[in-house]
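None of the values given here were measured: they were computed from a predicted structure.
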Amino acid sequence: LAPADPNNVRVATALAETLAAEDREEQAFALVRAGEAAAPNSPEQPLALSRLYSRLELEAPAERALLDAGARAPRSQ
């Protein structure tokens, strides 16, 4: 799986969520961040980051990531 491939962004995000569920958060964060290079304007990576931060009960970073996702998808607001 090459997260830098734009076709794999959603797959990488789903894999990151699976890794987090298995208490492999470091790998999950690395995978999501690597995916940002493939689609820097996509709201999917900050949404995934928000979910990961929420899972770890880190509210401030989760909120910042969610706001970033909203800024990347202005039509959804």
Identify every side-chain donor-acceptor pair in residues 58-72 under 3.5 Å, counting partners at least two apart or on other chains, and give the distances.
unit_1 : atom_1 : unit_2 : atom_2 : d
Asp68  : OD1    : Arg72  : NE     : 3.3
Asp68  : OD2    : Arg72  : NE     : 3.4
Asp68  : OD2    : Arg72  : NH2    : 3.2
Arg72  : NH1    : Glu36  : OE2    : 3.4
Arg72  : NH1    : Pro40  : O      : 3.0
Arg72  : NH1    : Ser42  : O      : 2.9
Arg72  : NH2    : Glu36  : OE2    : 2.7

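- Counting only residues at least two apart or in different chains, ring-ring contact (aromatic ring centres under 6.0 Å, His included) contacts with residues 29-74 comprise Phe29-Tyr53.
- For Ala16, the side-chain contact (heavy atoms from CB on, under 4.5 Å) partners at least two apart in sequence or on another chain are Ala28, Leu31, Val32.
- The stretch residues 19-30 participates, sequence neighbours left out, in these salt bridge (charged side-chain N to carboxylate O under 4.0 Å, His left out) pairs: Glu22-Arg24.
- Checked against side-chain hydrogen bond (donor to acceptor under 3.5 Å, both in side chains), Glu17 has the following partners two or more places apart in sequence or in another chain: Arg51.
- In terms of modelled atom types and a separation under 3.5 Å, the side chain of Ser50 and the main chain of Pro46 share no donor-acceptor contact.
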